[in-house]
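Each ligand, and each atom within it, is numbered from 1 in the order the structure gives. If you're wondering where the values come from, they're calculated on a predicted model, not measured in any experiment.
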Amino acid sequence: MIHTSLPARVNIVDVGPRDGFQTEQAFIPTELKIRVIDAISETGVPKIEATSFVHPKAVPQMADAREVLRAIRRAPGVAYTVLVPNTKGAELAVEESIDAIRLVVCASETFNQRNVRMSVEESVRDCEEIVKIASRRDVPVEVAIGVSFGCPFEGPTPEKRVAELARTFAGMGIREISIADTVGMANPTQVTRLMTRLRADLDGAKLSLHIHNTRGLGFANALAGLQAGIDTYDASIGGLGGCPVTPAATGNLPTEDLVNMCEEMGIETGIDIDKVMEASRLMEEFLGRRLPSHVLLAGTNQQAVARHQA
Ligand code: COA
Ligand code: ZN
């Protein structure tokens, strides 16, 4: 059943410095990564996925994870998290000052193999190990269940599969479970059904949504999530984002577009949209191309009105 009341406030997590940076071909200089993360820290977002501890051959862009984490300015009230693919990544991550580790486990065998060269079962075992590694340092662990709606290799993801994985992770005491549409194959009907089921199933475990706008359904899917009572969403400055496994998969929901949608709907985000756009422009300048955010191009409603009154 669809919830009739939308959340009064949503948490928007900027994953641009990880999901967005990781697929850029040109190496983003470490100083620029730091500058952009510092700029995002000033926007009011509660959490930033700052980097990932992955093999530099698999994702060369993330080779400076440690340097980035050691140089960024820690803004009060902002949590800095990192993505890891396995226990080795977690061991490296807990050596740094971080507020949470996020492990990615994909719901399809083929995708998980291609992403982290392990079976889903092996990744689940790694998760148990990572909980131990992280608890020794008091670092909370989150899990992203990748390709939760559809996989380019295996087709639609059975709901039952995601529900079982989510229950397994909740049973390990995982703090937050992110349901990820890694390559943008979800539709709103599916989002409503799966998120409603998971909310009922998991009874209290924190759920969030990671949406890609690959096929233009991103905001319809976010609305479906809001209607199902989900109050935490990943997004990325300017709509940067992609996936190293399937290069045709494009960006996350642009942070400024999601902030705009929520604020226009009367849902509080606590985020200064102008500051988000400033951070996006730093990346546009470096990349030499426009990013897919609509608001970045058109401005907000308020800015449009001000322009026409001037
Ligand atoms: N970070 C850095 N090095 C790592 C590592 C990590 N997270 N995991 C393993 N390694 C190192 C091992 O220490 C080993 O080093 P050695 O040869 O010096 O002994 C080497 O890599 C091989 O280890 P193995 O466990 O066999 O890894 P692999 O070659 O099967 O690669 C991954 C697996 C997961 C490390 C690699 O595929 C990866 O980094 N994938 C990330 C994918 C990603 O980021 N996707 C986007 C997010 S959804
Ligand atoms: Zn993603």
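Here the side chains of Y233 and V13 are not in contact, with every heavy-atom distance at 4.5 Å or above. Annotation: side chain of F286 is not in contact with side chain of V36 (no heavy-atom distance under 4.5 Å). Looking at H212 and V183, their side chains never come closer than 4.5 Å, going by heavy atoms from C-beta outward. Looking at V15 and H210, their side chains come closer than 4.5 Å, going by heavy atoms from C-beta outward.
If you look at M118 next to ligand 1, there are no close heavy atoms at all, none under 4.0 Å. Counting heavy atoms closer than 4.0 Å to ligand 1, residue N115 contributes atoms from both its backbone and its side chain. If you look at V54 next to ligand 1, the close heavy atoms, those under 4.0 Å, come from the backbone and the side chain alike.
The backbone N or O of Y80 sits nowhere less than 3.5 Å from a side-chain atom of E49 that would complete a donor-acceptor pair. With hydrogens and angles disregarded, a donor-acceptor distance shorter than 3.5 Å links the side chain of N112 to the backbone of M118.
Closest to atom 13 (O) of ligand 1, if we only count protein heavy atoms, is K88 CE, 3.5 Å. For atom 29 (O) of ligand 1, the nearest protein heavy atom (residue, atom name, distance) is R117 NH2, 3.4 Å. Closest protein heavy atom to atom 25 (O) of ligand 1: N86 ND2, 4.7 Å. Looking only at heavy atoms of the protein, atom 33 (C) of ligand 1 is closest to V116 O, 3.7 Å. Counting protein heavy atoms only, atom 15 (O) of ligand 1 is closest to H55 NE2, 5.0 Å.
Heavy atoms of R18 come nearer than 4.0 angstrom to ligand 1 in at least one pair.
Distance screen at 4.0 Å: atom 19 (O) of ligand 1 has no protein heavy-atom neighbour inside the cut-off. Counting protein heavy atoms under 4.0 angstrom from atom 8 (N) of ligand 1 gives one or more. For atom 45 (N) of ligand 1, the nearest protein heavy atom lies under 4.0 Å away. Of the protein's heavy atoms, at least one falls inside 4.0 Å of atom 2 (C) of ligand 1.
Residue contact annotation: D19 places an N/O/S atom under 2.8 Å from the Zn ion (ligand 2).
The Zn ion (ligand 2) sits nearest to atom NE2 when only the N, O or S atoms of H210 are considered. Among the heteroatoms counted here (N, O or S) of H212, NE2 is the one nearest to the Zn ion (ligand 2).
A donor-acceptor contact under 3.5 angstrom links the side chains of D257 and S293, judged on distance only. In the model, S119 has a side-chain atom that pairs as donor or acceptor with a side-chain atom of E122 under 3.5 Å. No hydrogens or angles considered: nothing links the side chains of T30 and E67 as a donor-acceptor pair under 3.5 Å. Under 3.5 Å, the side chains of E129 and T87 contain no donor-acceptor pair of N or O atoms.
Geometrically, ligand 1 and A58 share no nitrogen or oxygen pair separated by less than 3.5 Å.
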